[in-house]
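Attaching a single structure in structure tokens format; questions to follow.
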Amino acid sequence: MTPSAFKCPANRPTDSNAMRLSRYFLPILRETPKEAEIVSHRLMLRAGMIRQESAGIYAFLPLGLRVLNKINAIVREEQNRAGAIELLMPTIQSADLWRESGRYDDYGKEMLRIRDRHERDMLYGPTNEEMITEIFRAYVRSYRDLPLNLYHIQWKFRDEVRPRFGVMRGREFLMKDAYSFDLDEAGARHSYNRMFTAYLRTFARMGLKAIPMRADTGPIGGDLSHEFIVLASTGESQVFCHRDFLDRSAPPADIDFEDRATMQGVFDSWTAHYAATEEMHDAEKFAALPAAAQVSARGIEVGHIFYFGTKYSEPMRAVVNGPDGRETPVHMGSYGIGPSRLAAAIIEASHDEAGMIWPRAVAPFEVGLANLKVGDAATDAACADLYEKLGRAGVDVLYDDRDERPGAKFATLDLIGLPWQAIVGPKGLAEGRIELKNRRSGERLSLSPEEAFNKLREVDA
RNA sequence: CGGGGUAUGGCGCAGCCUGGUAGCGCAUCUGCUUUGGGAGCAGAGGGUCGCAGGUUCGAAUCCUGCUGCCCCGACCA
């Protein structure tokens, strides 16, 4: 965000990086709604991030939307870095497309089927393989236009029998889905490896340890597939993996996504060790690992990638002319990340008794500024000064300027889990100090206002 | 889709068995005091008790039907 984004002290613009809590819409709940079973659902409701509108269907309130937008921004950066190109497809699709691939009948009741005023069969897209294939075949004729990887971030609808756990398993959910097109299997595997690498980076940037695990291909079909699993004690499925995964770092940003050997190297090294979900678990292989290396834990699926060859390109006639002049169906893969689920997964992986603990990269605001005595001239002035400076410096700051007691402000800030709390009160100011509290470590720094400002503007702080 | 619950003010709940004109805590509003870990006192507002029928002089309460939501299981980004 550029400094010029900070120009309206009254906080009218919704895209402002600086916000006064007294002017914001943050409906905090003091009590936990009874329907919320898991911690992320409870905290998202309590912190006013989401509101349920129907079973498995949620509105994202301002704080929740800020998180979603930050997740999306990281997803976009990493998709673009890996060479994928963003477009946007509609949520509503024609049934005819799905009849071409044969999935209209196969998909079952999970697909929300709609009829329009002309009695045409439509559907709310649960995924977009058919549509992207239709777009591809309409324009691409030559192998020279390959490889191609197109993605979008769009709402999906899957009419789950029993939605639960808030946005973790909703019926309507946001999904980043990418689709790769290549001339042959070798090219397709390279595309797969690029997305594999991009996913490692994407999740790592959100503070998550996501482990790629060999997966069942399910209804999407194909013969190569990995799920990316985040370890969290409240995860939905049982997973098994080698301990080495726990302290590996993701590939660097400047890794060469174009180079096949480099990408294959990433894939090979991240798939060398045992890692499997319960469905794919091989107890014997797992038992063969040294006891100290055996990790058995709960996990949340935050991404899933597939290579499925010509499963859609053949029936839907997505073909290109090869170097030999002959038409050949393209080899495809698809790659999904659920940003709305990720928001919940990050909370599952990072919270404590008092509330959420956001990694800075996805925090709704980076700093919570607490004015402990609204109405005290010196305190008000010190807060206003720090607020404006942080805003101008492009730091996302939420200024709690409500006329509340300190305890209420601390509780609110702990709940919404902003990485830093800047605590400004008359006692500290009398000695020229304000306090910075690190939400995750609990560490407290007593600093001059200037030092505090410098500390908070550090990107990695 | 099978099984089990539940529906009363914004949230959490009591009242229902044994029908008699709706209550508590939190939140909200006003005033005063208070201000470094969810303040105190005083006052106030807000509910056709999920919907539709039925029984009854009278229904939140009893009966019938419907709907929403939640939980357990089978299925899933």
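Just so it is clear, the values below take in all heavy atoms, side chains as well, and ignore hydrogens, waters and symmetry mates.
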Span that lies between the C1' atom of rU6(B) and that of rG20(B), in whole angstrom:
27 Å
Rounded to the Å, how far apart are D414(A) CG and rG36(B) P?
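The distance from CG of D414(A) to P of rG36(B) comes to 16 Å, rounded to the nearest Å.
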rU18(B) and rC63(B): how far apart are their P atoms, nearest whole angstrom?
10 Å
Is it the case that S296(A) and Q238(A) place a side-chain donor and acceptor less than 3.5 Å from each other?
yes
With both distances under 3.5 angstrom, what nucleotide forms a Watson-Crick or G-U wobble pair with rU6(B)?
rG68(B)
Is the terminal nitrogen or CZ of R194(A) (NZ for Lys, CZ for Arg) located under 6.0 angstrom from the six-membered ring centre of Y199(A) and within 45° of that ring's axis?
no
Decide, yes or no, whether a salt bridge links R439(A) with D352(A) under the criterion of side-chain N to carboxylate O below 4.0 Å.
yes
What is the distance, rounded to the nearest whole Å, between atom CD1 of I305(A) and atom P of rA77(B)?
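That distance rounds to 14 Å.
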Closest-nucleotide ordering on RNA chain B, the 5'-leading residue of P33(A) and F173(A)
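The residue mapped nearer the 5' terminus is P33(A).
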Test: R341(A) cationic atom under 6.0 Å from F173(A) six-membered ring centre, within 45° of axis:
no
E404(A) atom CD is separated from rG36(B) atom P, nearest whole Å, by 14 Å
M111(A): which of F157(A), Y124(A), W98(A) passes side chain to side chain contact (heavy atoms under 4.5 Å, CB included)
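Among F157(A), Y124(A), W98(A), the one that satisfies the side chain to side chain contact (heavy atoms under 4.5 Å, CB included) with M111(A) is W98(A).
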Rounded C1' spacing from rC1(B) to rG9(B) in Å
36 Å
Please give the distance between the C1' atoms of rC16(B) and rU21(B) as a whole number of Å.
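Straight-line distance between the two C1' atoms is 15 Å.
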Could you please name the partner base of rG12(B), counting Watson-Crick and G-U wobble pairs only when both distances are under 3.5 Å?
rC24(B)
Under a 4.0 Å heavy-atom cut-off, which of residues 49-63 of chain A touch RNA chain B?
Q52(A), S54(A), A55(A)
Would you call the rings of Y274(A) and F286(A) parallel, tilted or perpendicular, taking 30° and 60° as the class edges?
tilted
Do R46(A) and rG38(B) have a side chain to base donor-acceptor pair shorter than 3.5 Å?
yes
Which of parallel (below 30°), tilted (30 to 60°) and perpendicular (above 60°) describes F306(A) and H304(A)?
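Parallel, since the angle between the ring planes stays under 30°.
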No-H, no-angle donor-acceptor pair, R444(A) side chain to rG37(B) base, under 3.5 Å
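Pair found.
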Take atom P in rU48(B) and the same atom in rC66(B), then report the distance between them in whole Å.
26 Å
Given that both distances must come in under 3.5 Å, which nucleotide forms a Watson-Crick or G-U wobble pair with rA60(B)?
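The answer is none; no pair meets the criterion.
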Could you tell me whether the side chains of S180(A) and Y335(A) share a donor-acceptor contact shorter than 3.5 Å?
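Side-chain D/A pair, S180(A) to Y335(A): present.
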Can you see if the side chain of K34(A) gets near the phosphate of rC69(B) - specifically, an N or O under 4.0 Å from OP1 or OP2?
no
According to the Watson-Crick and G-U wobble definitions, with both distances under 3.5 Å, which nucleotide is paired to rC32(B)?
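Pairing partner: rG40(B).
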Any luck finding a side-chain donor-acceptor pair between N371(A) and Y399(A) under 3.5 Å?
yes
Mapping T412(A) and R341(A) to their closest nucleotides on RNA chain B, which lands nearer the 5' end?
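Closest to the 5' end, via its nearest nucleotide, is T412(A).
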What protein N or O atoms touch nucleotides 1-4 of chain B N or O atoms at under 3.5 angstrom, if any, and at what distances?
residue : atom : partner : partner atom : Å
rC1(B)  : OP1  : K109(A) : NZ           : 2.7

Nucleotide N/O to protein N/O under 3.5 Å, stretch nucleotides 22-26 of chain B:
residue : atom : partner : partner atom : Å
rG25(B) : N2   : E31(A)  : OE2          : 2.9

Can you confirm whether more than 12 heavy atoms, excluding those of R51(A), are under 6.0 Å from its CZ atom?
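Not buried by this count: 12 neighbours or fewer within 6.0 Å.
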Mate of rC1(B) across any strand shown (Watson-Crick or G-U wobble, both atom pairs under 3.5 Å) is rG73(B)
Distance only, no hydrogens: is a donor on one side chain within 3.5 Å (strictly under) of an acceptor on the other, for S350(A) and R440(A)?
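Note: S350(A) and R440(A) side chains meet the donor-acceptor criterion.
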Check whether more than 12 heavy atoms from other residues, nucleotides or ligands sit under 6.0 Å from atom CD of E450(A), and answer yes or no.
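Counting other residues, nucleotides and ligands, CD of E450(A) stays at 12 neighbours or fewer.
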In this structure, how many angstroms lie between the C1' atom of rU30(B) and the CG atom of D403(A), rounded?
15 Å
Give one of base, sugar-phosphate or nothing for K409(A), where a contact means two heavy atoms less than 4.0 Å apart.
nothing
Assess whether side chain to side chain donor-acceptor pair (under 3.5 Å) is satisfied between S101(A) and E130(A), documenting all intermediate values.
CA-CA 7 Å; S101(A) 71; E130(A) 282 78 0; 2.5 Å; yes
